[in-house]
Amino acid sequence: MSQTDRVLVFDTTLRDGEQAPGASMNLAQKLQVARALATLGVDIMEVGFPVASPGDFAAVQAVAQKVEGPVICALARANRPDIDAALQALQPAPRRRVHVFLATSPIHRQHKLRMSTADVVRVSSGAIEYARERCEDIEFSAEDAARTEPDFLVEVVERAIEAGATTINIPDTVGYAVPAQFGGLIEHLRANVRGIEKVVLSVHCHDDLGLAVANSLSALQAGARQVECTINGIGERAGNCSLEEVVMAIRTRSDYLRLHTAVRTQNLCAASRTVAAATGFHVARNKAVVGQNAFAHESGIHQHGMLQNADTYEVMRPEDVGFGSTNLVLGKHSGRHALASRLRELGHDLTPDQVDRAFEELKKLADRKKEIYDGDLDALLVNLFQNGAGAGRWQLVSLNAVSGTGTLPSAAVSLLRRDGRKLDEAATGDGPVDAVFKCIERITGVKARLREFQISSVTAGEDAQGQVMVVVEHEGRTYRGRGLNTDIVMASAEAYLEVVNRIAAGRLPRTAPAAPEVICGAV
């Protein structure tokens with residue numbers, strides 16, 4: 001592709017993204033996100049609004065000092081104090097940009113600015129001239145451009161270019177535009193603004209109607225060559241154009257769009273996780289490109305197609321965005337092909353009849369569980385082909401736990417083995433649950449690494465039942481257990497004992513007996 005097809009990626013996660021209620025980051029978190037963005041390869045990084053607070057000023061200054069690669073940008077209203085603060089904060093950056101904005105729509109002019117159209121042109125042009133005398137890279141945004149009269153917008157943009165702006169940004173500030181209209185607005189500007197070829201035309205779309213990515217792509221098709229976006233699409237209200245979505249749309253549909261970016265897409269998932277951790281905004285499972293389900297398939301029909309050729313149900317490769325591989329999720333919608341494939345990956349060599357029996361049991365289990373883990377499969381196969389459908393190897397007989405102010409948390413647990421023998425153990429821990437887990441580990445000899453521990457209420461009132469979900473890892477495999485009790489410590493013990501029984505079942509002898517139904521190979 002020619003250089004004219006290059007789209008500049010302007011990331012505003014640290015400025016507009018952080019304006020999402022509850023998404024504020026401290027300085028250390030901002031630096032961590034800024035480094036992730038630099039590694040990702042964004043062209044411009046908008047770090048903050050320096051005049052807004054000492055914290056924003058310090059963050060812009062710190063990123064300007066410590067992060068190399070992208071152009072470092074700071075936001076300023078169309079007045080000298082804002083511009084001076086931005087310039088001062090950006091001073092350490094080898095490449096810097098001042099982003100000046102002023103609203104242009106009738107509703108903003110009348111109700112927020114109380115300015116005439118002539119006032120808007122005069123104030124914006126004057127601010128741009130002042131900034132350009134002190135910095136070579138100046139971006140001007142006509143706030144709420146999507147709701148501005150097109151011919152007046154032409155006048156504002158033309159005067160901004162004359163004043164020295166090097167990038168002109170056309171924002172859909174409130175997410176009001178639709179793709180054909182927004183693309184048409186860009187075409188109108190390109191056709192009517194004198195000097196438009198001298199600047200980079202940019203777009204900044206919000207997602208109030210869920211159209212931010214679509215509007216941005218429409219604008220790029222119409223000739224814009226910078227897209228403003230955020231990681232995970234975070235931002236004011238419903239958020240901004242999602243960086244990962246617009247970048248992967250450009251990459252995946254380069255045949256149609258004839259565009260490309262310099263983003264290193266293999267780092268998208270890492271950047272997404274960094275931002276999610278810094279802001280506390282978790283990524284939805286069904287989030288496009290970086291969500292947990294983006295490359296997961298549970299439907300049997302889909303899984304069968306994926307096993308034959310990944311192109312049947314995936315338009316991107318998971319490796320291209322930073323996922324390890326496609327995930328064929330085993331659940332109630334899964335088919336025999338996916339089960340047989342997963343069993344082979346785990347080292348189970350089953351006959352077709354055995355796969356059929358395992359599939360029947362999988363369906364029963366999937367009605368009780370949303371997702372089947374590898375440890376579930378191990379236990380299921382051992383129960384089917386070695387132990388029968390009997391009870392777990394260990395049963396809880398009694399439990400006593402003590403904790404309180406000035407008291408070392410401790411627990412005493414009694415478990416009954418399948419052979420009728422009762423074993424007791426006592427332990428101390430960081431809390432009563434930790435002490436119970438240690439007792440269970442000592443009695444059973446099974447020690448696992450706790451990965452997740454979740455508590456939720458399943459009923460209302462003072463006598464509500466608590467549900468405990470645990471996810472543990474043991475020898476490279478994942479196991480999940482569930483406990484339900486009005487006593488959370490008891491529920492925790494039940495959940496942990498469930499996974500311990502699955503692990504213990506997997507440790508039983510696996511040599512193949514003579515009966516034809518038995519697993520044939522190593523497990």
Side-chain angles (χ1 to χ4, degrees), residues 1 4-12 16-17 101 103-108 139 141-154 156-157 167-193 196 199-261 263 265 268 284 286-291 294 315-316:
M1 290 186 182
T4 56
D5 294 319
R6 165 78 182 278
V7 173
L8 298 174
V9 175
F10 178 111
D11 181 90
T12 184
D16 199 335
F101 75 97
T104 55
S105 68
I107 193 166
H108 279 248
E139 176 169 336
S141 282
E143 185 186 6
D144 204 21
R147 294 194 295 175
T148 298
E149 307 95 316
D151 290 338
F152 175 57
L153 189 60
V154 166
V156 172
V157 170
T167 297
I168 297 293
N169 183 45
I170 307 301
D172 181 19
T173 304
V174 293
Y176 184 71
V178 293
Q181 172 207 0
F182 198 59
L185 179 60
I186 299 301
E187 291 175 349
H188 181 76
L189 294 174
R190 293 187 70 208
N192 292 283
V193 173
I196 194 71
V199 299
V200 175
L201 196 54
S202 174
V203 288
H204 178 125
C205 297
H206 279 260
D207 206 36
D208 297 72
L209 294 176
L211 295 171
V213 173
N215 284 333
S216 297
L217 291 173
S218 180
L220 293 174
Q221 284 184 276
R225 284 299 177 263
Q226 176 177 289
V227 61
E228 306 199 356
C229 42
T230 62
I231 297 294
N232 299 335
I234 64 171
E236 293 268 14
R237 303 179 313 282
N240 288 270
C241 172
S242 165
L243 183 149
E244 57 276 4
E245 292 177 25
V246 74
V247 164
M248 288 309 296
I250 290 170
R251 173 174 172 150
T252 303
R253 294 311 313 273
S254 61
D255 61 318
Y256 179 75
L257 297 171
R258 310 301 297 171
L259 302 169
H260 69 282
T261 74
V263 169
T265 62
L268 283 171
N286 65 329
K287 172 74 168 67
V289 181
V290 295
V315 298
M316 301 171 282

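Every value quoted in this text rests on a predicted model; they were computed, and no experiment measured them.
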Chemist: Would you confirm whether Ser202, through its side chain, and Asn169, through its main-chain N or O, come within 3.5 Å as a donor-acceptor pair?
Modeler: no

Chemist: Would you name the heavy atoms of Cys205 and Asn215 that are closest together and state the gap between them?
Modeler: SG-CB, 3.8 Å

Chemist: Enter the distance from Ile250:CD1 to Thr265:OG1 here, rounded to the nearest 0.5 Å.
Modeler: 12.0 Å

Chemist: Look at the side chain of Ser216 and the backbone N and O of Ala212, then say whether any donor-acceptor pair between them is shorter than 3.5 Å.
Modeler: yes

Chemist: Might you point out which heavy atoms bring Ala177 and Asp172 nearest each other, and give the distance in Å?
Modeler: N-OD2, 3.1 Å

Chemist: Testing the basics here: between Ser141 and Pro171, what is the closest heavy-atom pair and its distance to 0.1 Å?
Modeler: CB-CG, 4.2 Å

Chemist: Working to the nearest 0.5 angstrom, can you tell me the gap between Ser105 OG and Arg147 CZ?
Modeler: 5.5 Å

Chemist: Please identify which of these residues, Asp11, Val247, Val7, meets the side-chain contact (heavy atoms from CB on, under 4.5 Å) condition with Val263.
Modeler: Val247

Chemist: Between Arg258 and Asp5 (salt bridge meaning N to carboxylate O under 4.0 Å), is one present in this structure?
Modeler: no

Chemist: With Thr167, which residues qualify under side chain to side chain donor-acceptor pair (under 3.5 Å), at least two apart?
Modeler: none

Chemist: Residues two or more places apart in sequence or in another chain: which of them pass side chain to side chain donor-acceptor pair (under 3.5 Å) with Ser242?
Modeler: Glu244, Lys287

Chemist: Which of these, Asp16, Asn240, Leu243, Val203, sits in a side-chain contact (heavy atoms from CB on, under 4.5 Å) with Cys229?
Modeler: Leu243

Chemist: Kindly check if the number of other-residue, nucleotide or ligand heavy atoms within 6.0 Å of CZ (Phe152) is above 12?
Modeler: yes

Chemist: Could you give the distance from OG1 (Thr261) to CE (Met248), rounded to the nearest 0.5 Å?
Modeler: 9.0 Å

Chemist: Go through the steps to decide whether Phe182 and Ile170 satisfy the test side chain to side chain contact (heavy atoms under 4.5 Å, CB included), and finish with yes or no.
Modeler: CA-CA 10 Å; Phe182 198 59; Ile170 307 301; 4.2 Å; yes

Chemist: Could you go step by step and tell me if Val227 and Leu8 meet the side chain to side chain contact (heavy atoms under 4.5 Å, CB included) rule?
Modeler: CA-CA 6 Å; Val227 61; Leu8 298 174; over 6 Å; no

Chemist: Can you give me the closest heavy-atom contact between Ala145 and Leu185, atom names plus distance?
Modeler: O-CD2, 4.0 Å

Chemist: Is the shortest side-chain heavy-atom distance between Arg225 and Leu201 below 4.5 Å?
Modeler: no

Chemist: To the nearest 0.5 Å, how far apart are NE2 in His206 and NE2 in His204?
Modeler: 3.5 Å

Chemist: Test His260 against Ser254 for side chain to side chain contact (heavy atoms under 4.5 Å, CB included), laying out the working first.
Modeler: CA-CA 7 Å; His260 69 282; Ser254 61; over 6 Å; no

Chemist: Taking atom CG of Leu259 and atom CZ of Arg251, what is their separation to the nearest 0.5 Å?
Modeler: 14.5 Å

Chemist: Are more than 12 heavy atoms, taken from residues, nucleotides or ligands other than Arg237, located less than 6.0 Å from that residue's CZ atom?
Modeler: yes

Chemist: Nearest 0.5 Å, please: how far is CZ in Arg190 from CD in Glu187?
Modeler: 8.5 Å

Chemist: Looking at Met316 and Thr252, what are the two nearest heavy atoms and their distance?
Modeler: CG-OG1, 3.3 Å

Chemist: For residues Cys241 and Glu228, determine if any side-chain heavy atom of one lies less than 4.5 Å from a side-chain heavy atom of the other.
Modeler: no

Chemist: What's the shortest heavy-atom distance between Ile186 and Ala224, and which atoms?
Modeler: CG2-N, 4.0 Å

